[in-house]
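Numbers for residues simply follow the sequence, beginning at 1.
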Amino acid sequence: MRNSKFLWIIVAIMALLDIYVFQAVKVVCQSLSPKARFLVYGIYWTFSICALVLLIILPYVNYANWPKSVRTYLFATLVGLFFAKLIASLFFVVDDVRRCGMWLIGKLFSNPSVEISQDSTGITRSVFLSWLGLAAGGTLFGSLVYGFTNKYNYTIKRIKLAYKNLPAGFKGMKIVQISDIHSGSFTDKKAVEKGVKRILNEKPDLILFTGDLVNDRATEMATYMDVFNKVKAPMGVYSTLGNHDYGDYARWDSAALKKSNLEHLKNIHKELGWQLLMNEHVVLERNSEQIALLGIENWSAKGHFPKYGIMKNAHTGTDKYPFKILMSHDPSHWDAEVRIQYKDIDLMLSGHTHGMQFGIEIPGFKWSPVQFMYKQWAGLYEEDHQKLYVNRGFGFIGYPGRVGILPEITVIELV
């Protein structure tokens, strides 16, 4: 990392952004007194230089050994500053392109005085766009900082799903789905306990967990075993693995250690009292009737995520059951394989996307940058008789917060 060219590329980009954004700061400060301008400039460069220095020295100061909460918030703040300035710069680019175009027009038509003048009733377009860019960047950064307070703000999403082929004995059954716990990111055990209590307060018949119990290592669960071992339901708790559970994103001294980590994680599911489904199915019985519950390992249609799941193995032997629920961590599996080859899967439950932990959800409108990668990224989707529900995630990873897309406990009632 100390000799990483990538690090220095990031530092160079951030420095260029700092200089570029500063030009807009100077524009909007033109009307201030010299002392006020000096104060604003000083504050701006103090934060900017501190961010650059931190980024440069992190590889040299045993950053990995710092307290997890410090590392998490520091990283999120640096990333937030970067994206805030990047968004602001888009507005400044528009203004620069506009002014360049006006200059060219002036040269071509021998009209040098094409600048829009400022009068007593308004401001120039340059000042307006500078203010607009700074406001957009500031709003983004402020939202990200505010989002730190939302990471344990568990929200219950309730949906009723109707199926003609659902056996009468299962009508009214309540399922709680949770996903993407990411225990390695937690820093507040009491807050997590409150989330688990909200799950149990629903008194579900069945609890289904759709993967990513940890970020990388099974040991991340050590502190939270006595929290999640309380997650129980009359018909059981069933679980699957997500892409993070395999340890693919961590460095291991040997392949044997990585394999041992996965075996440890499987045992953790068992210790919690959860039945981990590894490309297999179980039969659920209620009121003397039966349905099939399938669970596969991570299977993604996105090239950089793994395909460990074997749907054929899980599906074999389920033909005689009139209704089937599939737990598959990555929602891209639905369009890529399930809807094409397994049309008898009535309900698929996924997670994985977290709704990117950033977006807008208001009645009638839902948006997140993750939708440019995932067609199905949060909530309920339907095609013909098949349904997919994508849980927004119980935990968080990377950014220690949530903006607009809150951590979710899904309560599904079959009717």
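For an aromatic pair to be called close, the ring centres must be under 6.0 Å apart, and F170 with F323 fails this. Outside the 6.0 Å centre-distance limit, the rings of F396 and H182 are not counted as a close aromatic pair.
Side-chain N or O atoms of E408 include none that pairs as donor or acceptor with a backbone N or O of I156 at under 3.5 Å. Within the 3.5 Å criterion, the main-chain N or O of Q371 finds no donor-acceptor partner in the side chain of K375. Using modelled atom types, no side-chain atom of E220 and backbone atom of A218 make a donor-acceptor pair closer than 3.5 Å. The backbone N or O of G247 lies less than 3.5 Å from a partner atom in the side chain of W252, making a donor-acceptor pair. Formation of a donor-acceptor pair under 3.5 Å by the Y163 side chain with backbone atoms of Q386 is not found in this model.
Ion pairing between K266 and E263 holds under the 4.0 Å rule for side-chain N and carboxylate O. The pair K387-E382 counts as a salt bridge, with a side-chain nitrogen and a carboxylate oxygen less than 4.0 angstrom apart. A salt bridge does not link D384 to K343: none of the charged side-chain nitrogens sits closer than 4.0 Å to a carboxylate oxygen.
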Determine, stepwise, if the pair D346 / K324 fulfils salt bridge (charged side-chain N to carboxylate O under 4.0 Å, His left out). CA-CA 5 Å; D346 299 284; K324 301 176 185 66; 5.7 Å; no
Can you list the steps and then say if V11 with I56 is a side chain to side chain contact (heavy atoms under 4.5 Å, CB included)? CA-CA 7 Å; V11 169; I56 292 169; 3.9 Å; yes
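Cation-pi geometry between K302 and Y374 is met: the NZ or CZ atom falls under 6.0 Å from the ring centre, inside 45° of the normal. In this structure, K26 forms no cation-pi arrangement with F92, as its terminal cationic atom is not both closer than 6.0 Å to the ring centre and no more than 45° off the ring axis.
In this structure, Y399 and F148 have tilted ring planes: the angle between them lies in the 30° to 60° band. Aromatic ring pairs are classed by plane angle as parallel below 30°, tilted from 30° to 60° and perpendicular above 60°; the pair F228 and F186 is parallel. H333 and W299 have tilted rings, their planes meeting at an angle from 30° to 60° on a 0 to 90° scale. The aromatic rings of H269 and W274 lie perpendicular to each other, with more than 60° between the two planes, well past the 30° mark. Between F394 and Y154, the angle of the ring planes stays under 30°, which puts this pair in the parallel group of the 30/60° scheme. Ring geometry, Y308 versus Y246: the interplanar angle falls from 30° to 60°, so the pair is classed tilted.
Exactly one of I207, T210, L276, L206 qualifies for a side-chain contact (heavy atoms from CB on, under 4.5 Å) with Y238. That residue is L206.
For the residue pair D344 and H315, a side-chain donor N or O sits within less than 3.5 Å of a side-chain acceptor on the partner. Between the side chains of N391 and S179, no donor N or O sits under 3.5 Å from an acceptor N or O. Using modelled atom types and a 3.5 Å distance limit, the side chains of H244 and N215 yield no donor-acceptor pair. Remark: the H354 side chain and the D180 side chain contain an N/O donor-acceptor pair separated by less than 3.5 Å. Between the side chains of Y249 and N243, a donor-acceptor pair is found at a separation under 3.5 Å. Under the 3.5 Å distance criterion, with hydrogens and angles disregarded, a donor-acceptor pair is assigned to the side chains of D96 and Y20.
Residue-environment remark: CZ (F47) stays at or below the threshold of 12 foreign heavy atoms within 6.0 Å. Shown here is D226, whose CG atom has more than 12 heavy atoms of other residues, nucleotides or ligands within 6.0 Å. The neighbour count for K189 NZ, taken as heavy atoms of other residues, nucleotides or ligands under 6.0 Å away, is above 12. By the 6.0 Å contact criterion, NZ on K197 is open, its count of non-hydrogen atoms from other residues, nucleotides or ligands being 12 or less. Under a cut-off of 6.0 angstrom, the local environment of CG in D253 is sparse, with at most 12 non-hydrogen atoms contributed by other residues, nucleotides or ligands.
Residues R98 and S126 have side chains in contact (heavy-atom distance under 4.5 Å, counting atoms from C-beta outward). Between L208 and S239, the closest side-chain pair of non-hydrogen atoms is not below 4.5 Å.
Sorted by first and then second residue, the side chain to side chain donor-acceptor pair (under 3.5 Å) pairs involving residues 68-78 (not counting sequence neighbours) are Y73-K151.
Not counting sequence neighbours, K157 has no partner by the salt bridge (Lys or Arg N to Asp or Glu O under 4.0 Å) test. Residues forming a salt bridge (Lys or Arg N to Asp or Glu O under 4.0 Å) with E297 (at least two apart in sequence, or on another chain): none.
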